[in-house]
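The block underneath contains the structure these notes are about, expressed in structure tokens.
All ligand and atom numbering here is 1-based and tracks the order in the structure. These numbers come from the heavy atoms of this one structure, side chains and all, not from hydrogens, waters or symmetry mates.
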Amino acid sequence: MNTIRLTTAQALIKFLNEQYIDFDGVQQRFVKGIFTIFGHGNVLGLGQALEENPGELEVYQGRNEQGMVHAAMAYAKQKHRKQIMAATSSVGPGAANMVTAAATATANNIPVLLLPGDVFATRQPDPVLQQIEQTHDLSISTNDAFRAVSKYWDRVSRPEQLMSAMLNAMRVLTNAADSGAVTIALPQDVQSEAWDFPESFFAKRIHRISRRQPSVESVHEAAALIQSKKKPFLIFGGGVRYSEAAETFRQFAEKFNIPFGETQAGKSGIESDHPLNMGGVGVTGNSAANTLAKEADLIIGVGTRFTDFTTASKQLFSEAEILTINISEFHASKLDAAQVVSDAQAGLTAIDEALGDYSSGYKNEIAQAKEGWEKELNRLHEITWTEGFTPEVAGQLDDQLSEYRELFDSALTQTSVIGKVNELIDSQAIIVGAAGSLPGDLQRMWKAKSRNTYNMEYGYSCMGYEIAGALGAKMAEPEKEVYAMVGDGSFLMLHSELVTSLQEGKKINLLLFDNSGFGCINNLQMENGMGSFGTEFRRRNPETGKLDGPVMGVDYAKVAEGYGLKTYTVRTAQELEAAILDSKEQNTSTLIDIKVLPKTMTHGYDSWWHVGVAEVSDKESIKSAFHNKEENLSRARSY
Ligand SMILES: Cc1ncc(C[n+]2csc(CCOP(=O)(O)OP(=O)(O)O)c2C)c(N)n1
Ligand SMILES: O=C1C[C@@H](O)[C@H](O)[C@@H](O)C1=O
Ligand SMILES: [Mg+2]
């Protein structure tokens, strides 16, 4: 057997360079690059290997480990999982910082390869700097925390273990049914230890993503089920995008005249103006999709995990029968559905052939629902503050609105800003988001004018993805403008990768919606009978000892200016338009600090979200919220 003597880290980098993917006959390199933040736990091992010979891997410098993994995840999401980034951290806190992002990737079924440094395998110098000493179990390190949030976890405690670890890593990273974060913990000493690796380990490997075919029986059952229904309703999930099955889905919907709603991950798979595309469905769905979903006699979920947001906590289509087409048996089996376990394209094609000349029984309902939503959308676009104005989310902070209005000196509402942005940015531009009130507004209101232009992380809804994710999306599609749609809360949580965007010359645009608070959580607590508690950004009041002092104003444009971004502050529609147009002319990253009045986001459209309301309280409003919850629950499926 021919061997090559390399350190574990050098062997790992050499191996990553030889990984390719084959999808529909097209081959491409699988691991594009690696984000790094070096410390003593990885610099002399992986760092040395990358300095000496990175091969084709591009090496990036991250700023915050969570941020760099979010960027890696957004990259793989934008590439529809056909190409990924790796990320390496030091031991201890650097590794721990990646745990949140690992969870984000896993919740969304998006592959990322994480390579945290680990404590010494020999234990000779223990405890090393940043080592946690668990007196009951010396084998535990910070990296064990990744076990709960990874789809594959391993620790390479001897150099030769690298081979089985990496073959399993690739198995999971390229698994269309069950992917996510893969964590390979690398003890500091083992990274630098040499081994005679067999040459065969470094042979070019082509990982085929095959289109799993459905069983004949499941296709017949699905076709018979559809044929027995008059009002089927399709749900376009993220799996359709990852399977590159949008065209097949469109043809299927058109041929059988079946309208469809979109999940957050599925949105922009097909242009919003398609006559059968009803838009976002579920808790953050719009009136068109939710009305048709509610009236449907069959829900056909394609590539969807059926989260509580999609099903409105299992209440939206509680009477309909369910058919699923999903490559994952686990997700296909949800809601006690009739199941077609297959790739989205393969499943739709097979059912299409079996359906014959079926046509749904819809008459004017589809056009009517879409028209009704268009009207409502125009109304939302037009809302601006005037004296005596009632915000969309009324009856909660009505008396406080004038304070915000004076502080911000702005008449802008969130819904009108979204309309303007949608009108002004390029039709090919990509928007990125994750948390706060924006994902809901965008799922309802955003019109995707081109395909794959909506990169929303709503599996984990992790504050901090927005800006780092914009960088990842830009790396994936450098020729397009990318916009992070970010609340002030999320901006404050994590914006470190802004500096990486400047360093790499990868222009991203931040549209920062400043409403001085955790707006959506304020809505949630107040609509469930609480007061405003710990969610507005107010100073501590020395008189009450509470956070009920004046609203805080932060000049985010100044913050970003300090990093070197081109910045704008906008308070009117005219200023917003001028800023967006000017930002397009810039070569560098930009930030538009948009002062929006609180409570001016969209409100629900015929949907319910099951949240944990207190069963006991002295407050009438809480009692009533609890009663309301129980009532809604009685109308929902219980599994
Ligand atoms: C990392 C993380 N922590 C906490 C939450 C819970 N959470 C969801 S939205 C939100 C507030 C978001 O505030 P902001 O970004 O200003 O958006 P807004 O709701 O005001 O539009 C919080 C705390 C979360 N989603 N992610
Ligand atoms: O708790 C939450 C409420 C949602 O409205 C929000 O979008 C999400 O970020 C979240 O974590
Ligand atoms: Mg906010």
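- Nearest to the Mg ion (ligand 3), among the N, O or S atoms that D488 has, is OD1.
- The heavy atom nearest to atom 10 (C) of ligand 2, out of those in G436, G519, S461, G433, is found in S461.
- Every atom of ligand 2 is numbered from 1 in the order shown, and the set under 4.0 Å from a heavy atom of A435 is 9 (O).
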I'd like the atom pairs linking ligand 1 to the protein - N or O on both sides, separation under 3.5 Å - with distances to 0.1 Å.
| from | atom 1 | to | atom 2 | distance (Å) |
| --- | --- | --- | --- | --- |
| ligand 1 | 15 (O) | G489 | N | 3.3 |
| ligand 1 | 15 (O) | S490 | N | 2.9 |
| ligand 1 | 16 (O) | D488 | N | 3.4 |
| ligand 1 | 16 (O) | D488 | OD1 | 2.7 |
| ligand 1 | 16 (O) | G489 | N | 2.7 |
| ligand 1 | 16 (O) | G517 | O | 2.9 |
| ligand 1 | 19 (O) | S437 | N | 3.1 |
| ligand 1 | 19 (O) | G519 | N | 3.2 |
| ligand 1 | 19 (O) | C520 | N | 2.8 |
| ligand 1 | 20 (O) | N515 | OD1 | 3.1 |
| ligand 1 | 20 (O) | N515 | ND2 | 3.0 |
| ligand 1 | 20 (O) | G517 | O | 2.9 |
| ligand 1 | 20 (O) | G519 | N | 2.7 |
| ligand 1 | 21 (O) | S437 | N | 3.2 |
| ligand 1 | 21 (O) | S437 | OG | 2.6 |
| ligand 1 | 25 (N) | S461 | O | 2.8 |
| ligand 1 | 26 (N) | M463 | N | 3.2 |

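- Polar contact check, S437 against ligand 2: no nitrogen or oxygen pair lies under 3.5 Å apart.
- Under the 4.0 angstrom criterion for non-hydrogen atoms, I521 is in contact with ligand 2.
- Evaluated by nearest non-hydrogen atom to atom 4 (C) of ligand 2, the leading choice among Y458, Y465, F518 is Y458.
- Taking the charged nitrogens against the carboxylate oxygens, E497 and K506 have no contact shorter than 4.0 Å, which rules out a salt bridge.
- A salt bridge links D426 to K584: at least one charged side-chain nitrogen sits closer than 4.0 Å to a carboxylate oxygen.
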Apply salt bridge (Lys or Arg N to Asp or Glu O under 4.0 Å) to residues K151 and D178 and explain how you reach the verdict. CA-CA 8 Å; K151 285 281 175 169; D178 202 17; 2.5 Å; yes

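- No option in K599, R444, R379 other than R379 meets the salt bridge (charged side-chain N to carboxylate O under 4.0 Å, His left out) test with E392.
- Of the N or O atoms in W609, none lie within a sub-3.5 Å distance of an N or O in ligand 2.
- By the neighbour-count criterion of 12 heavy atoms within 6.0 Å, atom NZ of K546 is sparsely surrounded, having that number or fewer from other residues, nucleotides or ligands.
- The aromatic rings of F260 and F236 lie tilted to each other, with the angle between the two planes from 30° to 60°.
- E457 and T104 form no side-chain donor-acceptor contact under 3.5 Å, judged by distance and modelled atom types alone.
- Residues Y454 and Q443 have side chains that never bring a donor and an acceptor to within less than 3.5 angstrom of each other.
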K558 vs E561, test: salt bridge (Lys or Arg N to Asp or Glu O under 4.0 Å). Steps then yes/no. CA-CA 5 Å; K558 222 172 208 168; E561 195 187 330; over 6 Å; no

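- Between Y458 and F309, the distance separating the two ring centers is shorter than 6.0 angstrom.
- Geometry note: the Mg ion (ligand 3) is the vertex, N515 OD1 and G517 O are the arms, and the angle is 90° (rounded to 10 degrees).
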